[in-house]
**Student:** 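Next up is a structure, given as structure tokens.
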Amino acid sequence: MPPPSDIVKVAIEWPGANAQLIEIDQKKPLSSIIREVCDGWSLSGSEQFALRYADGPQLYITEQSRGEIKNGTILRLAISPTRAARQLLERIQSHGIDARLEALKELAKLSADPTFATEFINMEGIGTLARLVESGTHFGEMLAFTLTAFLELMDHGIVSWDLISLSFIKQIAGYVNQPMVDVSILQRSLAILESMVLNSHSLYHRVAQEITVGQLIAHLQVSNQEIQTYAIALINALFLKAPEDRRQEMASTLAQKHLRSIILNHIIRGNRPIKAEMAHQLYVLQVLTFNLLEERMMTKMDPSDQAQRDIIFELRRIAFDGENDPGGTEKRKAMYTKDYKMLGFTNHVNPAMDFTQTPPGMLALDNMLYLAKLHQDTYTRIVLENSSREDKHECPFGRCAIELTRMLCEILQVGELPNEGCNDYHPMFFTHDRAWEEFFCVCIQLLNKTWKEMRATAEDFNKVMQVVREQITRALAMKPSSLDQLKSKLRGLSYSEILRLRQSERMSQDDFQSPPIIELRERIQPEILELVKQQRLNRLCEGSCFRKMGNRRRQGDIPTDSKSFCYKFWFCRLSLNHKVLHYGDLEEPPQGEVPFELLTDKIPVSDIKSVVTGKDCPHMKEKSALKQNKVTSCALKQNGFTFFALKQSKEVLELAFSILYDPDEALNFVAPNKYEYCIWTDGLCALLGREMGSDLTRSDLDTLISMEMKLRLLDLENITIPEAPPPVPKEPSTYNFTYNYG
């Protein structure tokens with residue numbers, strides 16, 4: 001009968017004493033349990049003690065958290081959090097340097113515990129630590145432990161960051177701005193400043209006044225990735241909390257300090273692999289940088305604004321008026337409407353109306369102007385190429401550019417806050433100062449190419465945009481390291497390749513989640529399972545060679561002469577009628593199949609009671625057998641058979657199985673490898689009419705069912721399978737009809 005759910009069996013330690021093995025009744029008060037534990041060691045004053053976990057973070061156990069205790073947990077009796085907080089507070093204010101250092105080291109460890117933190121903060125502990133920092137008399141390890149404890153205590157959110165004094169901020173900022181400072185102190189100082197900025201609007205302004213962007217960027221050029229991570233985290237925090245009117249100014253300052261190229265050369269292309277936290281901070285910086293586009297993305301064009309209208313005129317001029325043709329503008333004034341149609345605007349008369357929808361707003365026009373001015377040859381080629389096509393096949397540049405800008409904003413989540421835990425940064429965006437605009441230029445060329453490949457018409461516009469979105473997202477998922485590499489990836493993702501990938505994924509998915517497909521799978525499965533079963537039985541009929549375990553094969557076998565010790569191998573196979581297992585000893589691995597006549601022993605299948613594996617096997621229950629088989633790893637290949645001497649008893653356990661048969665005997669096996677183990681255990685289960693549950697069976701079943709499904713559904717390519725079967729038609733009014741086969 002299982003123990004009650006409110007009883008937990010644990011071990012409790014106390015220094016210098018044997019551990020107590022007790023059962024904790026979760027219905028009893030925690031104070032009563034602690035009193036009983038103290039009585040077991042004759043300790044008085046149980047109210048001065050508490051229980052903590054012995055492993056991991058070693059947190060204190062409270063009435064609220066006691067439900068998380070599991071059976072087999074090791075706990076430790078310790079002084080209560082109140083008593084510990086009082087003692088540490090007294091020790092960190094003592095005059096002895098060594099005693100203070102040890103106290104701060106222990107405080108840094110305990111401060112992560114919310115129960116202890118509450119008690120320490122209630123005793124004005126944070127103020128004490130702040131004064132120690134402000135005094136400027138602590139250095140090295142002592143200062144590092146002080147800052148660690150301070151940060152851990154503040155991270156619990158028990159007290160507000162707004163209570164931090166200006167002198168404390170100046171002191172912490174001083175550590176960051178110093179050219180030479182201990183690494184551990186610098187890490188904690190950067191982390192404290194980041195928390196200040198993120199948790200207090202008023203502290204943001206104070207920190208922004210004390211910290212120079214140039215010094216933060218200098219920390220990115222060191223070889224320590226932890227320092228680099230904390231520095232970028234602080235830059236991101238300042239960026240995130242900056243007022244909207246200051247973000248562009250801060251971005252310009254960072255650009256002038258060459259932040260992008262420093263990150264590219266010292267971090268992304270550095271000698272060390274990028275860790276998860278660094279990847280997250282790069283992702284955050286990427287998102288915050290792209291969010292600077294949000295204002296333009298949400299700005300509608302004012303059709304009456306002449307400066308904005310002049311941008312559209314410039315697009316028309318670059319496309320249709322040669323730079324060396326001074327009279328071009330006059331000649332074309334009467335043809336503006338035709339030109340705007342050739343540029344692909346929806347509104348030919350007043351194309352400014354195309355930019356009144358947000359998103360993408362004016363951002364689309366900015367992208368188009370960048371393409372026209374910085375990549376003029378590409379721009380004119382796209383426009384003129386489409387203007388020379390038939391009307392139904394022309395790719396409307398203006399409409400495409402606007403929709404593409406909207407799509408890129410969605411893909412890169414422009415205007416959205418960074419996601420916690422997301423590491424999806426793209427190295428190529430750190431390779432160019434105008435990465436967004438260059439990305440647009442690459443994608444608009446892709447769109448034009450895909451339009452031609454699809455031989456699309458105006459009616460296919462949405463379909464083309466869906467294909468282009470898929471091409472871009474697939475290319476981004478490959479994490480190209482540069483814009484040139486992005487172009488290469490996109491060249492490989494042609495329209496025909498996208499169709500092939502869609503088909504492949506559709507067939508490989510068990511998308512096949514519609515009821516008819518599920519029903520077909522259920523009908524196929526018994527046939528495939530029978531096929532796997534027959535393969536296993538056929539393999540048993542062929543037989544396998546096994547290495548002998550300590551010269552004992554059957555449970556109870558005792559060698560009677562020295563000759564019996566000469567046999568190192570034995571062979572076992574199933575009779576062709578599946579009724580008898582034949583086995584016998586061999587001096588060497590066999591060459592090919594072993595005849596039944598050479599296998600002198602046999603077991604009728606009808607006598608087999610069960611098949612057991614692993615530690616349930618009789619030969620695995622003897623410790624001597626486990627020790628005897630701790631041999632070095634090696635492989636011996638002879639005559640097509642491979643045998644493995646196993647490295648340790650754990651591997652033996654994973655490959656061991658036994659046949660229990662009447663009356664109380666066992667035939668013990670250790671398979672040479674995992675494949676043979678699965679074959680034999682599956683085959684024996686099939687003989688006994690039991691389920692074959694090995695990993696190999698599951699893998700074979702999935703593979704064969706998938707192949708059979710694909711073959712049967714081959715003729716249904718590009719045909720939508722209905723969720724429900726079609727209705728049965730009504731019966732005919734009469735049955736007076738015949739088929740004429742003539």
Side-chain angles (χ1 to χ4, degrees), residues 3 5-26 28-34 36-38 40-41 43 46 48-89 91-92 101-122 125-126 129 141 144-158 184 187-188 191-192 195 226 229-230 275-278 280 420-421 423 650:
S5 59
D6 51 9
I7 299 297
V8 183
K9 296 181 179 181
V10 301
I12 301 180
E13 299 176 339
W14 175 254
N18 293 328
Q20 296 187 37
L21 303 178
I22 69 170
E23 293 184 351
I24 293 180
D25 186 350
Q26 296 285 35
K28 292 178 62 175
L30 192 58
S31 57
S32 300
I33 296 170
I34 294 173
E36 293 175 5
V37 173
C38 289
W41 283 311
L43 298 174
S46 61
Q48 297 294 319
F49 293 92
L51 292 176
R52 292 170 59 187
Y53 289 99
D55 301 319
Q58 301 182 3
L59 301 178
Y60 279 101
I61 295 169
T62 63
E63 289 289 355
Q64 292 74 29
S65 65
R66 62 185 296 179
E68 300 173 8
I69 302 175
K70 307 296 181 185
N71 278 315
T73 302
I74 300 176
L75 306 179
R76 179 176 296 156
L77 186 67
I79 61 174
S80 67
T82 304
R83 184 178 170 191
R86 186 180 301 109
Q87 289 181 357
L88 286 175
L89 194 58
R91 288 165 59 194
I92 64 176
L101 177 60
E102 287 302 315
L104 287 169
K105 184 185 297 185
E106 188 175 348
L107 177 63
K109 183 178 179 181
L110 280 174
S111 295
D113 188 303
T115 307
F116 171 84
T118 301
E119 297 295 334
F120 189 81
I121 290 171
N122 289 339
I126 284 184
L129 294 178
E141 274 191 311
F145 288 129
T146 304
L147 296 178
T148 301
F150 178 87
L151 183 60
E152 291 284 2
L153 291 168
M154 293 299 296
D155 279 348
H156 291 293
I158 299 172
S184 57
Q187 285 181 357
R188 288 154 180 79
I192 289 172
S195 295
E226 298 296 325
T229 303
Y230 283 112
K275 298 179 182 178
E277 182 58 29
M278 172 61 83
H280 173 67
E420 286 293 331
N423 302 335
K650 182 179 178 182

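Bear in mind the structure is a predicted one, so any value in this text is a computation, not a measurement.
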**Student:** Which residues pass the side chain to side chain contact (heavy atoms under 4.5 Å, CB included) test with R66, not counting sequence neighbours?
**Tutor:** I24, Q26, L30, I33, I61, E63, I69
**Student:** Minimum heavy-atom separation for I92 and A103, please, with both atom names.
**Tutor:** CG2-CB, 3.6 Å
**Student:** Please enumerate all residues that pass salt bridge (Lys or Arg N to Asp or Glu O under 4.0 Å) together with K28, with sequence neighbours excluded.
**Tutor:** E36
**Student:** Which residues satisfy the ring pair (Phe, Tyr, Trp, His ring centres under 6.0 Å) test with Y60, sequence neighbours excluded?
**Tutor:** none
**Student:** Check salt bridge (Lys or Arg N to Asp or Glu O under 4.0 Å) between E106 and all other residues, then give those that pass, not counting sequence neighbours.
**Tutor:** R91
**Student:** Sequence neighbours excluded, which residues qualify as side chain to side chain contact (heavy atoms under 4.5 Å, CB included) partners of A19?
**Tutor:** E13
**Student:** Determine, stepwise, if the pair F120 / L110 fulfils side chain to side chain contact (heavy atoms under 4.5 Å, CB included).
**Tutor:** CA-CA 10 Å; F120 189 81; L110 280 174; over 6 Å; no
**Student:** If you measure from NE2 on H156 to OG1 on T118, what distance do you get to the nearest 0.5 Å?
**Tutor:** 7.5 Å
**Student:** Just do the side chain to side chain contact (heavy atoms under 4.5 Å, CB included) check on T73 and V8 with the steps written out, would you?
**Tutor:** CA-CA 9 Å; T73 302; V8 183; 5.7 Å; no
**Student:** Does some side-chain heavy atom of L59 sit less than 4.5 Å from a side-chain heavy atom of T115?
**Tutor:** no
**Student:** Of all residues at least two apart in sequence or in a different chain, which pass the side-chain hydrogen bond (donor to acceptor under 3.5 Å, both in side chains) check with E277?
**Tutor:** Q281
**Student:** Apply side chain to side chain contact (heavy atoms under 4.5 Å, CB included) to A112 and list each qualifying residue two or more places apart in sequence or on a separate chain.
**Tutor:** E152
**Student:** Might you point out which heavy atoms bring I34 and S46 nearest each other, and give the distance in Å?
**Tutor:** CG2-O, 3.7 Å
**Student:** With sequence neighbours excluded, what pairs up with E226 under the salt bridge (Lys or Arg N to Asp or Glu O under 4.0 Å) test?
**Tutor:** K275
**Student:** Under the side chain to side chain contact (heavy atoms under 4.5 Å, CB included) rule, collect the residues that match up with K109, sequence neighbours excluded.
**Tutor:** Q58
**Student:** Taking side chain as C-beta onward, heavy atoms only, is E68 less than 4.5 Å from Y53?
**Tutor:** yes
**Student:** Taking all non-hydrogen atoms of both residues into account, name the closest pair between A108 and T148 and its distance.
**Tutor:** CB-CG2, 4.0 Å
**Student:** Donor-acceptor pair, distance only, cut-off 3.5 Å: does the side chain of D6 make one with the backbone of D25?
**Tutor:** no
**Student:** If you look at every heavy atom in I12 and W41, which pair is closest and at what distance?
**Tutor:** O-CH2, 3.3 Å
**Student:** Any side-chain heavy atom of W14 sitting closer than 4.5 Å to one from Q20?
**Tutor:** no
**Student:** Hey, could you give me the CG/CD1 distance between L151 and I192, rounded to the nearest 0.5 Å?
**Tutor:** 5.5 Å
**Student:** Checking Y230 now: which residues fulfil ring pair (Phe, Tyr, Trp, His ring centres under 6.0 Å) with it, not counting sequence neighbours?
**Tutor:** none
**Student:** Walk me through it: do L129 and L153 pass the test side chain to side chain contact (heavy atoms under 4.5 Å, CB included)?
**Tutor:** CA-CA 10 Å; L129 294 178; L153 291 168; 3.7 Å; yes
**Student:** Between side-chain atoms of residues 74-83 and protein atoms elsewhere (two or more places apart, or another chain), which donor-acceptor pairs fall under 3.5 Å?
**Tutor:**
unit_1, atom_1, unit_2, atom_2, d
S80, OG, R83, N, 3.3
T82, OG1, E119, OE1, 3.1

**Student:** What pairs with F145 under ring pair (Phe, Tyr, Trp, His ring centres under 6.0 Å), at least two apart in sequence or on another chain?
**Tutor:** none
**Student:** Considering all heavy atoms of both residues, which atom of K9 and which atom of N71 are nearest to each other, and what is their separation?
**Tutor:** N-OD1, 2.8 Å
**Student:** What pair of heavy atoms forms the shortest contact from D155 to S195, and how long is it?
**Tutor:** OD1-OG, 4.0 Å
